[in-house]
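Heads up, the thing below is written out as structure tokens.
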Amino acid sequence: MRILVKVGSVVLAPLVALIASMLITSVVVAFVGSSPSDFWSVVLAWPENRILVNIINQSSMIFLSGLAAAIGFRMNLFNIGVEGQYRIASYVAAVFAGAAFLPGLLNVVVAILLAMLTGAAWAAIAALLKVFRGVSEVISTIMLNSIAVFVVGYFIQRYGQKAGDGRRTTPLEDSSQFGGFLPFAERDGAVWTLALIAVVMGVLFWFVISRTRFGFDLRATGMSESAAVASGVRVPRMVVISMMMSGAVAGLIWLPNLFDASSPGYYSGSVFQSQLGFTGIAVALLGRNRPLGIAVGAVLFAFLNEQATQLEFARVDVSKDIVQVTQGIIVLAIVIAYEVVRRWRTRLEQRHVTATVQDDRPSDAEAVTA
């Protein structure tokens with residue numbers, strides 16, 4: 001019975017949230033004067049091969065962003081600064097890789113390590129402010145996002161190469177770019193080689209969180225700081241390490257795109273893909289801070305983003321901005337559904353415990369005999 005309840009709670013919450021999201025989105029589409037059936041016919045249509053490739057590539061970056069946010073969430077830290085961390089880390093990686101100090105693959109490896117170190121260092125600022133000054137990481141990371149935008153913008157304008165109406169970093173050499181994998185015809189595009197980083201980081205995240213003492217301390221601190229302190233965990237140290245780990249993963253977000261042979265191979269305001277950090281926060285909440293759930297959420301968001309572009313080409317009177325509304329509704333519905341199902345499951349378990357205690361309690365006749 002308990003197994004059925006547990007399995008049912010896992011399946012029930014996403015199912016209820018999905019149905020509720022579709023209903024609410026349909027109401028919104030109808031409210032703005034469009035046809036819900038036209039909207040869903042385009043969004044739920046099976047994507048073309050080139051769109052599938054784009055979904056896989058976008059999913060890799062969104063997944064990394066979700067992992068970065070989830071590391072902080074598991075520690076009960078709200079790292080809202082993923083956006084700034086991967087922005088400044090991407091710039092550093094692009095500058096180093098473009099300078100070509102090292103040959104071929106070694107140049108890429110060192111650039112990746114520099115991106116992780118840069119993201120970790122940027123996140124450490126918020127961690128140190130929290131530990132030594134008691135500054136909320138929510139406030140500090142939001143401020144650091146804005147600072148990162150201005151810092152990168154300044155260096156691009158001050159030291160970047162002139163290109164058209166703007167500036168950019170030095171383009172990568174061919175030896176520092178990857179051709180990718182071709183799941184379909186060449187005209188449909190390639191899956192980014194460095195999308196494999198997302199798979200590696202997902203496995204590492206699961207192993208560290210679920211199979212190591214550090215992961216146990218991190219989860220224990222997130223659930224109860226006082227209990228963690230009583231068990232010997234140094235909470236300030238955990239805060240700094242967790243935030244730096246989150247920033248290090250954030251530093252990887254844009255690199256699959258940067259090092260792909262089909263991309264421009266440089267950093268500029270026109271080619272850099274922003275807002276992935278905020279998308280990752282939503283995906284982490286959607287996936288309950290677990291790798292598999294984050295992966296599903298990343299694919300779902302990438303799918304909706306790519307299908308939104310098809311609304312512009314389809315002959316339907318529906319704005320693609322409705323997809324952003326749909327994403328927000330899905331996140332809210334998932335959070336609410338999980339909470340409702342959690343309370344329902346808790347009540348069932350309480351009833352089961354009560355019934356067990358009553359069955360084990362001796363009757364009045366047995367008590368008198370004893």
Side-chain angles (χ1 to χ4, degrees), residues 1-32 34 36-37 39-40 43-44 59 62-63 65-80 82-83 136-138 141-142 205 209 219 222-224 246 275-305 307-308 318-352:
M1 177 63 181
R2 297 181 65 182
I3 296 178
L4 291 176
V5 171
K6 184 176 181 179
V7 174
S9 63
V10 172
V11 176
L12 184 60
L15 182 61
V16 171
L18 181 61
I19 295 173
S21 300
M22 294 183 70
L23 291 175
I24 296 173
T25 301
S26 298
V27 172
V28 172
V29 172
F31 180 77
V32 298
S34 301
S37 60
F39 172 77
W40 290 116
V43 172
L44 298 181
S59 296
I62 296 175
F63 178 73
S65 182
L67 284 184
I71 293 173
F73 289 158
R74 295 301 291 265
M75 179 68 183
N76 204 24
L77 294 171
F78 293 89
N79 181 12
I80 313 299
V82 174
E83 183 73 20
S136 170
E137 73 278 8
V138 176
T141 50
I142 290 176
F205 177 86
I209 297 297
R219 288 182 285 115
M223 289 186 288
S224 175
S246 178
Q275 303 302 316
L276 290 171
F278 298 117
T279 302
I281 293 173
V283 168
L285 294 173
L286 188 62
R288 306 288 288 177
N289 300 321
R290 290 170 172 80
L292 184 58
I294 295 172
V296 174
V299 173
L300 176 61
F301 269 54
F303 174 83
L304 291 174
N305 287 335
Q307 292 297 83
V318 182
S319 172
K320 68 175 184 178
D321 295 333
I322 294 295
V323 171
Q324 297 181 357
V325 176
T326 304
Q327 292 174 338
I329 292 172
I330 289 174
V331 174
L332 290 175
I334 282 287
V335 172
I336 295 172
Y338 269 114
E339 179 62 21
V340 171
V341 172
R342 184 191 67 81
R343 294 185 181 185
W344 167 74
R345 180 180 169 183
T346 300
R347 286 197 297 269
L348 288 181
E349 290 178 349
Q350 290 174 345
R351 292 175 184 175
H352 176 72

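Values below: all heavy atoms of this structure, side chains included; hydrogens, waters and symmetry mates excluded.
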Do Val27 and Met22 come close enough that some side-chain heavy atom pair is under 4.5 Å?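 SC-SC contact between Val27 and Met22 ruled out.
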Close side-chain approach of Tyr338 to Val16, heavy-atom, < 4.5 Å: no
Closest approach of [X] and [Y], non-hydrogen atoms and distance?
X: Val43; Y: Gln307; result: O-NE2, 3.0 Å
X: Ile80; Y: Phe278; result: O-CE2, 4.1 Å
X: Val82; Y: Ser65; result: CG1-OG, 3.8 Å

Return the set of residues passing side chain to side chain donor-acceptor pair (under 3.5 Å) with [X] (not counting sequence neighbours), or none when no residue passes.
X: Glu137; value: Lys130
X: Ser37; value: Ser35
X: Ser246; value: Asn79

Are the side chain of Thr326 and the backbone of Ile322 linked by a donor-acceptor contact shorter than 3.5 Å?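 Present.
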Hey, does the side chain of Arg219 reach the backbone of Arg74 with a donor-acceptor pair shorter than 3.5 angstrom?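 Answer holds: no.
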Any side chain to side chain donor-acceptor pair (under 3.5 Å) involving residues 19-31? Give me the pairs, sequence neighbours left out, ordered by first then second residue. Ser26-Trp40
With rounding to the nearest 0.5 angstrom, report the CD1 to CZ distance, Ile24 to Phe31.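 Output value for this atom pair is 14.5 Å.
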Quick one: CZ on Phe63 to CZ on Phe301, what's the gap to the nearest 0.5 Å? 15.0 Å
Could you pull out all donor-acceptor pairs under 3.5 Å where a side-chain atom in residues 279-296 meets a protein atom, sequence neighbours excluded?
residue, atom, partner, partner atom, Å
Thr279, OG1, Gln275, O, 3.0
Arg290, NH1, Arg288, O, 3.0

Residue pair Asn305, Gln327: steps toward the side chain to side chain donor-acceptor pair (under 3.5 Å) verdict: CA-CA 9 Å; Asn305 287 335; Gln327 292 174 338; 2.8 Å; yes
Could you tell me which residues satisfy salt bridge (charged side-chain N to carboxylate O under 4.0 Å, His left out) with Arg347, sequence neighbours excluded, listed by chain and number?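 Listed in chain order: nothing, the list is empty.
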Give the C-alpha distance, both sets of side-chain angles, the deciding distance and a yes or no for side chain to side chain contact (heavy atoms under 4.5 Å, CB included) between Val299 and Ile62. CA-CA 8 Å; Val299 173; Ile62 296 175; over 6 Å; no
